[in-house]
There are 2 protein chains.
Amino acid sequence: MDPGEPSVPAPAAAHGGPVSHAIFRLARLHKLTAAQLLRRTGLHPNQELVMMRLWEAGPQRQADLAAAMDADSATITRTIQRLERAGFVRRTPSPTDGRVTMVAATPASRGLRDDVEAVWTELEERTVAGLDEQERATVLRVLDRLEANLTPPGA
Amino acid sequence: MDPGEPSVPAPAAAHGGPVSHAIFRLARLHKLTAAQLLRRTGLHPNQELVMMRLWEAGPQRQADLAAAMDADSATITRTIQRLERAGFVRRTPSPTDGRVTMVAATPASRGLRDDVEAVWTELEERTVAGLDEQERATVLRVLDRLEANLTPPGA
DNA sequence: GACGTATCACTGTTCGGACAGTAGATCGCC
DNA sequence: GGCGATCTACTGTCCGAACAGTGATACGTC
């Protein structure tokens with residue numbers, strides 16, 4: 001694959017929308033890194049976010065979970081199903097509201113918590129490696145600014 | 001959904017890894033925005049990247065496409081299949097190498113080009129709206145820096 | 001109390017992405 | 001010339017994400 005090829009963004013990126021391209025590439029890389037780190041835990045990307053939420057905030061409805069992760073309810077449904085199959089989560093129908101099912105982390109999942117947090121720590125460290133405090137603040141400011149720009153006015 | 005809730009990152013994001021969370025959210029928003037803008041073209045996110053590459057660089061092998069987009073060869077295979085089904089792309093076996101199939105944009109796809117480029121222009125504008133030249137440079141620097149941090153040393 | 005509306009969870013479908021594994025063609029080296 | 005290593009494209013499988021649509025329950029209003 002052209003070993004001499006520099007690991008620089010393809011020239012095609014230059015005119016199409018440099019920031020958008022950079023976001024795409026960064027997003028893919030970041031997700032890939034997260035996936036690789038998560039492998040040892042047996043979780044897939046974004047499953048760990050659900051678990052972290054459950055560990056911190058306790059049992060809750062899927063709708064709350066979806067709102068907390070700002071995710072599609074369908075996505076949460078299937079993620080929960082997989083986590084349940086894996087034994088990390090338990091679902092019980094709400095006694096007070098026939099529509100909702102409460103989701104709770106299983107005791108067995110508690111053993112994962114340290115691993116997951118270690119993964120997140122490492123992911124964060126890799127991401128901002130070599131940046132001092134001020135630079136990290138800049139990074140956060142930039143990302144938040146872009147996010148605000150793309151957030152639809154309705155939300 | 002708690003209309004009074006500020007559009008600020010959930011508190012859960014605060015300790016887990018602020019930059020990583022910000023990247024996740026930004027990536028999702030950016031992709032969602034791209035998908036919405038692309039709807040009028042009939043393309044799905046990342047299909048337009050393939051088309052842009054084909055329009056610019058001309059017919060090429062799938063392996064070249066994969067390298068250019070830094071994508072999995074399996075992903076490219078299926079993306080090309082869908083683009084072919086949609087009539088935007090044509091595949092012809094290479095006369096000189098029995099392994100490769102050349103991919104080319106169809107004449108019919110040329111009509112999309114302006115639309116796609118307009119979409120990318122709008123996406124980029126939305127993303128960096130309200131930022132002056134210097135700030136945009138900072139954004140690019142930050143994104144590139146994070147990307148470099150996450151790029152595996154081997155690549 | 002009945003009816004219409006909203007909420008909740010779910011399924012179906014399509015797509016991108018990653019990983020693993022495969023068949024065929026080409027190339028290199030002996 | 002023949003044989004092994006490599007390249008190319010493909011399929012299978014799993015996962016997250018979005019959109020659309022569904023049945024069941026809860027709620028608010030008349």
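Each chain gets a letter, A, B and so on, in the order the sequences are listed, and its residues count up from 1.
Looking only at side-chain heavy atoms (C-beta outward), Arg90(B) and Val103(B) stay at 4.5 Å or farther from each other.
Of the charged side-chain nitrogens involved, none lies within less than 4.0 Å of a carboxylate oxygen, so that Asp64(B) and Arg53(B) do not count as a salt-bridged pair. In summary, Asp97(A) and Arg61(A) do not engage in a salt bridge, as defined by a charged side-chain N under 4.0 Å from a carboxylate O. By the 4.0 Å N-to-carboxylate-O rule, Glu122(B) lies close enough to Arg40(B) to be salt-bridged with it. In this structure, Arg141(B) does not pair ionically with Asp144(B), as no charged nitrogen and carboxylate oxygen lie closer than 4.0 Å.
To the nearest angstrom, C1' of dT14(C) lies 16 Å from CG of Leu32(B). Taking atom CD of residue Glu84(B) and atom P of nucleotide dA9(D), one finds them 13 Å apart after rounding to whole Å. Spacing between atom CZ of Arg61(A) and atom P of dA24(D) amounts to 20 Å, rounded to whole angstrom units. A straight line from CG of Leu83(A) to C1' of dG16(D) spans 12 Å, rounded to a whole angstrom. Going from atom CZ of Arg99(B) over to atom P of dA5(D) covers 16 Å, rounded to whole Å. We find that CG of Asp97(B) is positioned 12 Å from P of dC7(D), with the value rounded to whole Å. In this structure, CG of Leu49(B) is placed 8 Å from P of dG17(C), rounded to the nearest angstrom. Atom CG of Leu37(A) is separated from atom C1' of dA18(C) by 15 Å (rounded to the nearest Å).
Between Thr96(B) and Pro45(B), the residue anchored closer to the 5' end of DNA chain C is Pro45(B), taking for each the nucleotide with the nearest heavy atom. A residue-by-residue look at His44(A) and Asp70(A) shows that His44(A) has its nearest nucleotide of DNA chain D further toward the 5' end. Closest-nucleotide positions on DNA chain C for Val100(A) and Pro95(B) were compared, and the one nearer the 5' end corresponds to Val100(A). Residue-to-nucleotide proximity on DNA chain D shows that, of Asp72(B) and Arg28(B), the 5′-proximal contact is made by Asp72(B).
Neither OP1 nor OP2 of dC15(C) sits under 4.0 Å from any side-chain N or O of Gln47(B). Remark: Asn46(B) is in phosphate contact with dG17(C), judged by side-chain N or O atoms under 4.0 Å from OP1 or OP2. Taking side-chain N and O atoms only, Gln62(A) has no distance below 4.0 Å to OP1 or OP2 of dT7(C). Within the structure, every side-chain polar atom (N or O) of Arg91(B) is placed at least 4.0 Å from both OP1 and OP2 of dA9(D).
For residues 73-82 of chain B, proximity to DNA chain D is found at Ser73(B), Ala74(B), Thr77(B), Arg78(B), Gln81(B), defined as any non-hydrogen atom under 4.0 angstrom from a strand atom.
Taking Ile, Leu, Val, Met, Phe, Trp and Tyr as hydrophobic and joining them when side-chain heavy atoms fall under 4.5 Å apart, one finds Val128(B) in a cluster with Val19(A), Ile23(A), Leu26(A), Leu29(A), Val128(A), Leu131(A), Val139(A), Leu140(A), Val142(A), Leu143(A), Leu146(A), Leu150(A), Val19(B), Ile23(B), Leu26(B), Leu29(B), Leu131(B), Val139(B), Leu140(B), Val142(B), Leu143(B), Leu146(B), Leu150(B).
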Can you give each donor-acceptor pair under 3.5 Å made by side-chain atoms of residues 73-80 of chain A, sequence neighbours left out, with the distance rounded to 0.1 Å?
{"from": "Thr77(A)", "atom 1": "OG1", "to": "Gln62(A)", "atom 2": "NE2", "distance (Å)": "3.4"}
{"from": "Thr77(A)", "atom 1": "OG1", "to": "Ser73(A)", "atom 2": "O", "distance (Å)": "3.0"}
{"from": "Thr79(A)", "atom 1": "OG1", "to": "Thr75(A)", "atom 2": "O", "distance (Å)": "2.9"}

